[in-house]
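Take a look at the structure below.
Chain letters run A, B, ... following the sequence lines, proteins first, then strands; residues in each count from 1. Owing to the predicted nature of the structure, the values given are computational and were not obtained by experimental measurement.
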Protein chains: 2
Amino acid sequence: MSQSHLAPAVDLHATTVDRLGLAVCRGEMASGSIVRIDELEERFGVSRSVVREALRVLASMGMVASRRRVGVQVRPATEWNLYDPQVIRWRLASHGRVAQLRSLSELRTAVEPQAAALAATRAPLASASELMGLSGKLWEAGRSGDTDLFLRLDIQFHRLVLSSSGNEMFGMLDSLVAEVLTGRTHYGLMPQHPHEEALQMHVDVASAIQRGDSSDAHAAMLAIMTRAMTEMSTLWNEEAHKSAS
Amino acid sequence: MSQSHLAPAVDLHATTVDRLGLAVCRGEMASGSIVRIDELEERFGVSRSVVREALRVLASMGMVASRRRVGVQVRPATEWNLYDPQVIRWRLASHGRVAQLRSLSELRTAVEPQAAALAATRAPLASASELMGLSGKLWEAGRSGDTDLFLRLDIQFHRLVLSSSGNEMFGMLDSLVAEVLTGRTHYGLMPQHPHEEALQMHVDVASAIQRGDSSDAHAAMLAIMTRAMTEMSTLWNEEAHKSAS
DNA sequence: CTAACTTCACAGATCATACTTTTGAACCCC
DNA sequence: GGGGTTCAAAAGTATGATCTGTGAAGTTAG
């Protein structure tokens with residue numbers, strides 16, 4: 001009955017990777033700056049092994065590099081592997097959230113219409129009809145104003161389109177899409193009641209995929225992306241204002 | 001003068017990561033199979049530290065997972081981070097090269113036209129004119145039949161379009177594109193003298209970007225992608241034949 | 001015989017320490 | 001001042017010791 005009384009029994013490695021990665025993304029450890037391993041041991045209160053294993057992981061993400069006799073150097077952001085889910089999460093939890101959200105949205109605009117088009121060719125019948133079902137529920141949630149449910153269904157919908165494309169590279173972007181959808185909802189960029197057209201577009205995508213019409217699927221998904229970009233453009237502009245040089 | 005006479009002074013960590021990653025990608029360690037750390041120590045002839053640090057890296061790529069009392073388990077390919085440059089390289093060095101090449105090409109088809117469109121809006125003048133220069137050299141190399149030079153210029157061209165898009169996510173895909181271009185050349189999928197139209201399309205992309213015409217840039221790049229996909233389709237078909245179930 | 005509970009040993013996780021290797025930088029000599 | 005030598009700092013590698021979950025075998029109760 002006593003599996004844990006107080007000690008959270010946290011995973012030291014995972015925790016350390018997370019703290020380090022976040023510190024780097026947040027700029028608490030500036031690009032180019034150098035730290036020694038024993039500093040990090042002390043800073044995080046863990047042993048050398050844990051620090052080293054964490055550093056190896058960060059290094060494989062291109063975030064740090066270590067050289068003998070020198071120490072561990074933080075690498076510039078241009079070297080980071082931005083497609084690593086952890087890196088995405090850290091960056092969304094740092095300043096530059098907005099720029100990140102914009103980049104990710106532009107990527108979605110490129111990828112999702114193409115994924116929809118492929119899905120129209122390759123999606124198994126079961127997936128296609130599940131998509132139809134989801135788009136129906138999505139409509140319902142949109143009309144009733146249940147934003148929480150809407151978000152969950154929206155994520156599920158896009159995830160299914162991506163995986164139905166039959167392309168592993170597209171399918172892998174589901175976590176990225178989930179982050180964007182969650183992010184924009186969290187930033188209050190979604191109206192309480194999504195516009196009727198937006199809801200209709202999801203139905204259109206599902207329907208086009210079901211009847212195997214690549215071209216329509218592509219067009220409908222592109223319309224969704226374009227609308228989403230427009231809705232978020234207010235955010236870009238605000239940001240551009242703030243950092244107007 | 002004597003920085004190294006014989007000892008390659010290889011990096012044990014990098015070597016071990018590479019050997020392990022390749023072994024997993026090649027299926028030498030089947031998905032779901034389990035190994036103990038001390039087995040790997042012996043197999044690779046390195047110490048626990050090295051094996052553990054390597055495993056942490058592989059784990060962060062989703063390729064393995066380790067559990068107490070059990071060992072290290074190879075995770076299914078669906079969990080791997082396919083956008084990690086190392087994973088891409090390992091997979092291209094394994095069976096499934098062709099499927100990989102196809103996935104990557106589909107991704108290119110989605111991304112590059114969009115990148116070209118953005119570049120038309122955002123590319124600095126210098127980059128645009130450099131693109132024009134590259135497309136000119138590309139034409140020349142194509143006409144003269146210098147496939148090696150052509151490949152290098154082609155990579156440079158597409159890399160510059162991606163980076164000129166001003167989107168960090170697109171820019172990061174340059175290594176991926178380089179792999180595809182190199183791969184298809186290596187597989188003899190490129191004619192000695194690229195078709196005149198293909199060369200012209202590159203000029204069209206550069207020209208559209210220079211005059212800021214997003215729509216034309218998108219269309220021209222899409223045409224390049226479509227043509228490339230067609231040229232490679234023979235490869236897909238061969239493969240489909242071989243593994244016809 | 002099944003189900004729940006206990007025990008126990010295994011293998012990873014963490015820590016500590018010793019030793020090796022690279023290499024930046026100080027030092028020295030001409 | 002240029003070039004070579006020495007030195008020590010810090011990462012890399014190896015290994016033993018200990019801690020901690022946890023699967024499985026063994027045990028008991030129903």
Side-chain angles (χ1 to χ4, degrees), chain A residues 1-21 23-24 29 32-75 79 86, chain B residues 1-21 23-24 29 32-75 79 86:
Chain A
M1 277 303 132
S2 67
Q3 73 281 37
S4 75
H5 34 107
L6 263 177
V10 290
D11 180 340
L12 277 189
H13 172 72
T15 307
T16 306
V17 168
D18 199 60
R19 292 219 277 163
L20 253 175
V24 172
M29 304 172 68
S33 66
I34 289 178
V35 291
R36 273 175 297 102
I37 288 183
D38 44 295
E39 286 178 36
L40 295 173
E41 285 181 50
E42 194 176 2
R43 173 168 174 180
F44 295 120
V46 294
S47 72
R48 185 119 165 271
S49 333
V50 175
V51 171
R52 285 188 54 83
E53 286 171 22
L55 284 173
R56 291 296 199 188
V57 172
L58 274 282
S60 89
M61 297 172 177
M63 297 182 69
V64 303
S66 74
R67 276 157 48 214
R68 283 183 201 250
R69 172 62 208 234
V70 177
V72 179
Q73 185 168 33
V74 178
R75 298 180 72 192
E79 302 298 323
Q86 284 206 278
Chain B
M1 272 307 134
S2 69
Q3 72 281 35
S4 76
H5 36 107
L6 262 178
V10 289
D11 181 338
L12 277 189
H13 172 72
T15 307
T16 306
V17 168
D18 198 59
R19 291 219 278 163
L20 253 176
V24 171
M29 305 172 69
S33 67
I34 289 179
V35 291
R36 273 177 296 101
I37 287 183
D38 45 297
E39 286 179 36
L40 295 173
E41 286 181 49
E42 193 176 4
R43 172 168 176 181
F44 294 120
V46 294
S47 72
R48 238 182 23 258
S49 334
V50 175
V51 171
R52 286 187 54 83
E53 286 171 21
L55 285 174
R56 291 296 200 186
V57 171
L58 274 280
S60 90
M61 296 170 177
M63 297 181 69
V64 302
S66 74
R67 276 158 46 214
R68 282 182 202 246
R69 171 65 206 231
V70 177
V72 178
Q73 185 169 33
V74 178
R75 298 180 72 192
E79 302 296 322
Q86 284 207 276

In whole angstroms, the gap separating P of dA9(D) from CZ of Arg48(A) amounts to 15 Å
Separation of dT14(C) atom P from Glu53(B) atom CD, nearest Å, is 13 Å
Could you check how far NE2 of His13(A) sits from C1' of dA13(C), rounded to whole Å? 11 Å
It should be established whether Ser66(A) places a side-chain nitrogen or oxygen under 4.0 Å from OP1 or OP2 of nucleotide dA10(D). no
With sugar-phosphate meaning primed atoms plus P, OP1 and OP2, does Arg67(B) contact a base, only sugar-phosphate, or nothing at under 4.0 Å between heavy atoms? sugar-phosphate
Measure the shortest side-chain to side-chain distance between Leu20(B) and Phe44(B) over non-hydrogen atoms and say whether it is less than 4.5 angstrom. yes
Asp11(A) CG - dT20(D) P separation (whole Å): 14 Å
Grab the CD-P distance between Glu41(A) and dA10(D) for me, whole Å please. 13 Å
Measure from CZ on Arg52(B) to C1' on dA11(C) and round the result to the nearest Å. 10 Å
How about Arg56(B) and Arg56(A): do any of their side-chain heavy atoms sit closer than 4.5 Å? no
With distance as the sole test, does Gln73(A) use its side chain to make a donor-acceptor pair with the main-chain N or O of Gly32(A) at under 3.5 Å? yes
Any Ser47(A) side-chain N or O less than 4.0 Å from OP1/OP2 of dT14(C): no
By nearest nucleotide on DNA chain C, pick out whichever of Val70(A) and Ala14(A) is the more 5' one. Ala14(A)
Among dG12(C), dA11(D), dC15(C), the one nearest any side-chain atom of Val46(A) is dC15(C)
Please confirm whether the shortest side-chain N or O distance from Arg68(B) to OP1 or OP2 of dA24(D) is below 4.0 Å. no
Considering only side-chain heavy atoms of Arg36(B), which listed nucleotide, dA11(C), dA14(D), dT15(D), is closest? dA11(C)
Determine: side-chain N/O of Arg56(B) to OP1/OP2 of dG12(C), distance under 4.0 Å, yes or no. no
Result for 5'-nearest mapping on DNA chain C, choosing between Ser49(A) and Arg69(B), is Arg69(B)
Asp38(A) CG - dC15(C) P separation (whole Å): 15 Å
Between dG12(C) atom P and Gln73(B) atom CD, what is the distance in whole Å? 12 Å
For Val50(A) and Leu12(A), work out which heavy atoms get closest and say how close. CG1-O, 4.0 Å
Are any non-hydrogen side-chain atoms of Thr16(A) and Arg19(A) less than 4.5 angstrom apart? no
